[in-house]
Undergrad: 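I'd like to ask some things about the structure below.
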Amino acid sequence: MVATSPSSTSSRLSSHLRGHALLETPSLNKGTAFTHEERQALGLDGLLPPVVETIEEQSVRAYKAYLRKHDDLERHIYLRQLQDTNEVLFYRLLLDHIEEMLPIVYTPVVAEACQEFSHIYRRPRGLIISYPLRDQIESLLRNRPHKDVSVIVVTDGERILGIGDQGVGGLGIPIGKLSLYTLIGGVPPTQTLPVILDVGTNNEERLADPEYLGWRHERITGDAYFDFVDQFVQAVKKELPDTLLQWEDFAKAHARPLLDRYRDQLLTFNDDIQGTAAVTAGAIFSAVRVSGRPLRDQQIVMLGAGSAGIGVADFLREAMVADGLSQQEARSRFWLANRDGVLHSQRMDLSEEQGVYAQPLERLANFPRSLPNNQVGLSDVIHKIDATILIGLSTLPGAFSESIVREMARKCQRPIILPLSNPTSKSEAVPEDLLRWTDGRALIATGSPFPDVDYSGRKMRISQCNNVYIFPAVGLALLATRARRVTDGMLLAAAHALAGQSPALTDSAAPLLPALTGIRRAAIEIAFAVTEQAQREGLAPKTPPESLRDAIIASQWAPHYPSYL
């Protein structure tokens, strides 16, 4: 149906669709921007108002309609409806108002949209692969709306952000993620496919809701679950062998086993493990340079030891080794804790991945023990060691208390503090408090968006340590070079490239991460670093740097209307 993607004003599109069918196809519809000549040739006369508008004029009108919505969920619904009506205009509107709308189309508002998915459902988008149809997955994939797919984002809806099991409502996450692949990375929207593996839900509220749209059954577990996922992966390998498959919001028990099982079989990565690790590492690399203390000398305390936390620790540990430490020395600098206290060698509840960071029990011998189970807690660690980096991936709001932060700041001139849990209600601390408790010395990035903070007569922008800095650029890199795999080395290269663009490198009071208004340009530089690393690892064809950069820029789709004539 489509001859070329609408990446520039000069591109030409051919379509066998005419009239109302053309207007009902979001990837082709231009609405009032169809020219008089196009309207006559495509059977659109009389179906549109007589005025021909530019996309700029359409964006202004759409923004006014957006502002009339009375709350953030209604604004999210409006944007999703626009996406389902006119995709090019949807992305142009987002690009015109990226700082304002990114939190609406994705975190934190997407969390509420997932909770309300069955109540706000309007039109189909993506694929819902329910367990009862497990023997038909190949045919379900063949029902995809567009044949050429570059990126799939898949979830099973079990661990959505910080709000847990949402069943089929988890589809809102892949839809939102892929919107950002297009908005920032420039992956053409027709080449994206959101997927939910509907294996039931253990959320009693969803099961009791008469309007719930998912498979009304408790979650499938054990071998039956892994067999179902494998059927999906094998179908993807057969139907779409060169497509990037991104795993999103899987529970800890499934996330790493699935990544480990398939990472060498196809083009795939887990955004919660590797994407979160890369963007966090990027923020920390820039903060470390501002602090003046090398990475190898840092003492890292982390609250939250799930798949995301372990992924962050793994990336930072490898960076420490690259900075001159042995593996054992690097591991000794990590103090990971969860609700049950610090990970140590005598705890019997640790996974293999967590065990890597278990401190020898004897090292904790003289630590205070404030937890009810006589375990060492976060506060105990902060009061005992000279912590320099504090990371939160716990979904425990307010866990970084005033006493903890003040004690850290007492022993560290530029404490690096990253409360990364989202949505906003789950954040371990509020940036305004962190600045006040550290006399403005803290280097901060958060998981959810926070407003600017007025401190000592200066307005300070708070960086959102959002995976959006990483995964769209990875998608762009793969689109441009057709690399065969995604590796930790490629994502670590992305982290270093992100750190290199930090405004704080030239102004120590500036944010750790670049502004969202320049994020598409940043994506090009990050994609370039990823592709260079892929070439070094032998996973992409060798290309001269100048040609490589040109290929990346040429691959980045932009929201401009094509001509049909």
Side-chain angles (χ1 to χ4, degrees), residues 269 271 273-302 308-325 327 329-331 333-334 336 387-393 412-420 441-447 461-474 477 487-516 518-519 521-530 532-533 536:
F269 76 103
D271 189 48
I273 297 174
Q274 297 159 288
T276 299
V279 71
T280 303
I284 288 176
F285 293 160
S286 60
V288 163
R289 290 167 70 175
V290 173
S291 75
R293 188 172 183 173
L295 183 64
R296 62 180 176 271
D297 291 342
Q298 305 291 325
Q299 290 283 342
I300 301 172
V301 178
M302 186 182 300
I310 296 298
V312 169
D314 286 347
F315 268 46
L316 294 176
R317 174 167 56 90
E318 289 306 314
M320 282 183 161
V321 171
D323 204 25
L325 297 183
Q327 285 285 349
E329 289 170 331
R331 286 196 299 269
R333 283 158 170 75
F334 287 86
L336 271 62
T388 57
I389 298 175
L390 178 59
I391 302 170
L393 284 159
C412 179
Q413 178 61 28
R414 296 302 305 269
I416 300 168
I417 306 178
L418 281 67
L420 298 182
R441 292 182 284 117
L443 296 162
I444 302 168
T446 60
R461 181 171 65 83
I462 305 299
S463 289
Q464 185 186 359
C465 197
N466 192 316
N467 299 16
V468 73
Y469 284 101
I470 298 295
F471 67 82
V474 172
T487 67
D488 285 349
M490 292 160 65
L491 289 160
L492 200 53
H496 283 293
L498 175 60
Q501 298 178 68
S502 170
L505 299 182
T506 54
D507 178 359
S508 64
L512 294 177
L513 299 173
L516 291 175
I519 197 169
R521 293 189 300 275
I524 292 173
E525 299 307 315
I526 295 169
F528 183 70
V530 170
E532 284 195 314
Q533 181 64 26
R536 283 192 289 270

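FYI, the numbering just counts along the sequence from 1.
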Undergrad: Given side chains that start at C-beta, do those of Ile284 and Gln298 come closer than 4.5 Å, heavy atoms only?
TA: no
Undergrad: If I compare all heavy atoms of Cys412 with all of Pro415, which pair ends up nearest, and what's the gap?
TA: O-CD, 3.4 Å
Undergrad: Which residue pairs pass the side chain to side chain donor-acceptor pair (under 3.5 Å) test when at least one of the two sits in residues 494-513, sequence neighbours left out?
TA: Arg458-Asp507
Undergrad: With a 4.5 Å heavy-atom cut-off, do Asn466 and Val279 have their side chains touching?
TA: no
Undergrad: Heavy-atom count check: over 12 atoms from other residues, nucleotides or ligands less than 6.0 Å from Arg536 CZ?
TA: yes
Undergrad: Where the side chain of Arg441 meets the backbone of Gln413, is there a donor-acceptor pair that is under 3.5 Å apart?
TA: yes
Undergrad: State the OH-CG distance between Tyr469 and Leu516, to the nearest 0.5 angstrom.
TA: 4.5 Å
Undergrad: Is any side-chain heavy atom of Ile310 less than 4.5 Å from a side-chain heavy atom of Leu336?
TA: yes
Undergrad: Of all the heavy-atom pairs spanning Ser463 and Pro511, show the shortest one and how long it is.
TA: OG-CB, 3.2 Å
Undergrad: Please report the closest heavy-atom contact between Glu329 and Arg333, naming both atoms and the distance.
TA: O-NH1, 3.0 Å
Undergrad: What distance separates Gln274 CD from Asp314 CG, expressed to the nearest 0.5 Å?
TA: 9.5 Å
Undergrad: With a 4.5 Å cut-off on side-chain heavy atoms, are Phe285 and Leu512 touching?
TA: no
Undergrad: Test Pro419 against every option in Thr446, Leu390, Leu393 by the side-chain contact (heavy atoms from CB on, under 4.5 Å) rule and name the one that passes.
TA: Thr446
Undergrad: Looking only at heavy atoms, which two atoms of Ala313 and Phe334 are closest? And how far apart?
TA: O-CZ, 3.7 Å
Undergrad: Output the distance between atom CG (Leu513) and atom CD1 (Ile462), rounded to the nearest 0.5 Å.
TA: 11.0 Å
Undergrad: If you take all heavy atoms of Ser286 and Leu505, which pair is closest and at what distance?
TA: O-CD2, 4.1 Å
Undergrad: With a 4.5 Å limit on heavy-atom distance, are the side chains of Ser291 and Thr388 in contact?
TA: no
Undergrad: To the nearest 0.5 Å, tell me how far Ile273 CD1 sits from Asp488 CG.
TA: 9.5 Å
Undergrad: Any non-hydrogen side-chain atom of Met490 less than 4.5 Å from a side-chain atom of Val474?
TA: no
Undergrad: Measuring from Ile444:CD1 to Gln464:CD, what's the distance to the nearest 0.5 Å?
TA: 14.0 Å
Undergrad: State whether the side chain of Asp271 and the backbone N or O of Phe471 hold a donor-acceptor pair below 3.5 Å, judged by distance alone.
TA: no
Undergrad: Indicate yes or no: at least one non-hydrogen side-chain atom of Val312 is less than 4.5 angstrom from one of Met302.
TA: yes
Undergrad: Report the distance from atom OG1 of Thr280 to atom CD1 of Ile391, rounding to the nearest 0.5 Å.
TA: 6.5 Å
Undergrad: Might you point out which heavy atoms bring Gly500 and Arg289 nearest each other, and give the distance in Å?
TA: CA-NH1, 4.2 Å
Undergrad: If you define the side chain from C-beta out and look only at heavy atoms, does anything of Arg293 sit under 4.5 Å from Arg414?
TA: no
